[in-house]
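By convention here, the first residue in the shown sequence is residue 1. Everything numeric here is computed off the predicted structure, so don't read it as measured data.
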Amino acid sequence: MTQSLLLTIVLAPLLGSIIAGLFGRKIGRNWSHRVAIAGVSIAFFLSLWVLKLVVMDGASYNQAVYQWLQVGSLSIEVGFMVDSLTAVMMTVVTFVSLMVHIYTIGYMHDDDGYSRFFSYISLFTFSMLMLVMANNFMQLFFGWEAVGVVSYLLIGFWYKKPTAIYANLKAFLVNRVGDFGFLLGIAAVLMYSGSLDYLEVFNQAPVMAGQTISIFDNHTWSLMTVIGILLFIGAMGKSAQVPLHVWLPDSMEGPTPISALIHAATMVTAGIF
């Protein structure tokens with residue numbers, strides 16, 4: 001399993017999204033969906049290959065690709081960690097996305113925003129792949145926020161409908177409540193472990209399990225419990241769990257492929273991931 005293979009899986013949908021979004025009017029409707037579907041198809045078939053390498057050959061991958069920021073001893077990087085869970089999620093995300101792309105050709109056939117729609121759903125696929133393939137909490141948060149932003153754009157895709165604008169604003173605001181808890185959880189992980197890398201944090205988990213913190217006067221909490229609750233609040237927002245579930249019914253204002261891609265198959269299951 002090579003770095004170039006994993007980069008191709010992530011960047012192919014992004015390239016399709018950029019071409020369909022920026023040059024959709026020049027290349028026309030047919031080529032807009034062709035480049036978007038081609039990008040997701042490449043990601044899907046390469047994800048199948050990665051799944052085969054992980055399941056049958058016992059391969060794994062955990063390396064940084066690019067160093068984004070260095071602050072003292074803290075290094076914030078873009079990297080990939082591929083294990084059995086990640087390989088399965090990659091395959092599921094790209095397969096469902098590919099099916100939705102193909103279905104969209106007929107569903108959005110007479111819509112004025114045809115190329116824009118394909119650009120958005122390809123961008124969503126890129127965001128989900130960044131989320132599930134991340135090897136650190138910062139990149140996970142980037143993917144987490146990116147799928148939230150694209151969800152906002154897709155729910156309000158028919159922006160001339162007041163109900164669609166209300167629905168995407170509601171989804172955006174409710175998810176920000178969950179994401180605030182998620183961000184606090186990541187901050188707590190960094191504060192007490194000194195790292196955002198999954199493996200380093202997991203290796204320190206036994207030490208952190210014995211620590212306690214005081215949030216309110218005269219009340220001590222288990223550090224791991226607090227971090228777990230905060231991260232779970234983020235999952236509650238994305239997975240539409242009570243009480244952060246109120247955005248999901250309204251989100252059906254978006255075109256039907258959105259419900260299939262985001263609210264039934266991928267983004268809502270990101271909370272479980």
Side-chain angles (χ1 to χ4, degrees), residues 5-21 24 29-52 54 80 82 85-109 111 113-134 139-140 142-157 168 171 175 238-240 248 251-252 254-273:
L5 170 65
L6 298 177
L7 280 172
T8 303
I9 292 173
V10 170
L11 296 179
L14 178 62
L15 182 61
S17 171
I18 291 171
I19 294 173
R29 295 162 74 93
N30 286 340
W31 277 104
S32 291
H33 73 238
R34 284 172 186 167
V35 295
I37 290 173
V40 177
S41 298
I42 291 169
F44 170 60
F45 289 113
L46 291 181
S47 294
L48 281 178
W49 178 249
V50 169
L51 184 65
K52 180 261 179 189
V54 171
F80 301 127
V82 179
L85 174 63
T86 301
V88 170
M89 284 295 289
M90 287 164 61
T91 308
V92 170
V93 166
T94 51
F95 174 72
V96 172
S97 180
L98 178 59
M99 295 300 103
V100 170
H101 274 69
I102 295 170
Y103 173 72
T104 299
I105 296 173
Y107 187 89
M108 300 295 287
H109 186 264
D111 198 282
Y114 190 81
S115 299
R116 178 165 59 95
F117 191 85
F118 273 99
S119 176
Y120 286 170
I121 56 177
S122 290
L123 183 61
F124 179 85
T125 308
F126 159 76
S127 303
M128 269 303 294
L129 287 170
M130 286 293 282
L131 192 161
V132 300
M133 293 171 67
Q139 187 177 331
L140 172 73
F142 164 78
W144 197 264
E145 289 301 303
V147 294
V149 170
V150 181
S151 173
Y152 167 83
L153 293 172
L154 286 168
I155 293 169
F157 183 78
N168 75 346
N175 272 283
K238 283 284 183 287
S239 294
L248 191 56
S251 69
M252 299 305 143
T256 297
I258 306 312
S259 299
L261 181 62
I262 296 180
H263 309 128
T266 52
M267 189 183 86
V268 170
T269 57
I272 300 168
F273 174 81

Using side-chain heavy atoms (C-beta onward) and a distance below 4.5 Å, is Val50 in contact with Leu6? yes
State the CG-OG distance between Asn175 and Ser151, to the nearest 0.5 angstrom. 6.5 Å
Tell me the closest heavy-atom pair linking Ser115 and Arg29, and the distance in Å. OG-CA, 4.4 Å
Quick one: closest heavy-atom pair of Ile155 and Ala171, and the distance? CD1-CB, 3.7 Å
What's the separation between atom CG in Leu46 and atom CD1 in Ile9, rounded to the nearest 0.5 Å? 5.0 Å
Residue pairs passing the salt bridge (charged side-chain N to carboxylate O under 4.0 Å, His left out) test with at least one member in residues 115-125, sequence neighbours excluded, are none
Which heavy atom of Thr94 sits nearest a heavy atom of Met90, and at what distance? OG1-O, 2.7 Å
Side chains of Tyr114 and Ser32 only: does a donor on one sit below 3.5 Å from an acceptor on the other? no
For a quick test of your reading: what N or O donor-acceptor pairs under 3.5 Å do the side chains of residues 121-129 make, sequence neighbours left out?
unit_1, atom_1, unit_2, atom_2, d
Ser122, OG, His101, NE2, 3.0
Ser122, OG, Phe118, O, 3.1
Thr125, OG1, Ser97, OG, 2.6
Thr125, OG1, Ile121, O, 2.9
Ser127, OG, Leu123, O, 3.0

In terms of heavy-atom contacts, Ser47 and Ala43 come closest through OG-O, 2.7 Å
Side-chain donor-acceptor pairs of residues 10-21 under 3.5 Å, sequence neighbours excluded:
unit_1, atom_1, unit_2, atom_2, d
Ser17, OG, Ser119, O, 2.7
Ser17, OG, Ser119, OG, 3.3

Between atom CD1 of Ile105 and atom CZ of Arg34, what is the distance when rounded to the nearest 0.5 Å? 9.0 Å
Closest heavy-atom pair and its distance - Tyr120, Val150: O-CG1, 3.3 Å
Starting at CG of Leu51, measure out to OG1 of Thr86 and round the result to the nearest 0.5 Å. 11.0 Å
Could you walk me through whether Trp49 and Leu5 pass side-chain contact (heavy atoms from CB on, under 4.5 Å), step by step? CA-CA 10 Å; Trp49 178 249; Leu5 170 65; 3.9 Å; yes
How long is the straight-line distance from CG of Asn168 back to OH of Tyr152, given to the nearest 0.5 Å? 4.5 Å
Taking every heavy atom of Phe157 against every heavy atom of Gly113, the minimum-distance pair comes out as CZ-O, 3.1 Å
Does the side chain of Thr256 reach to within under 4.5 Å of the side chain of Tyr103, using non-hydrogen atoms? yes
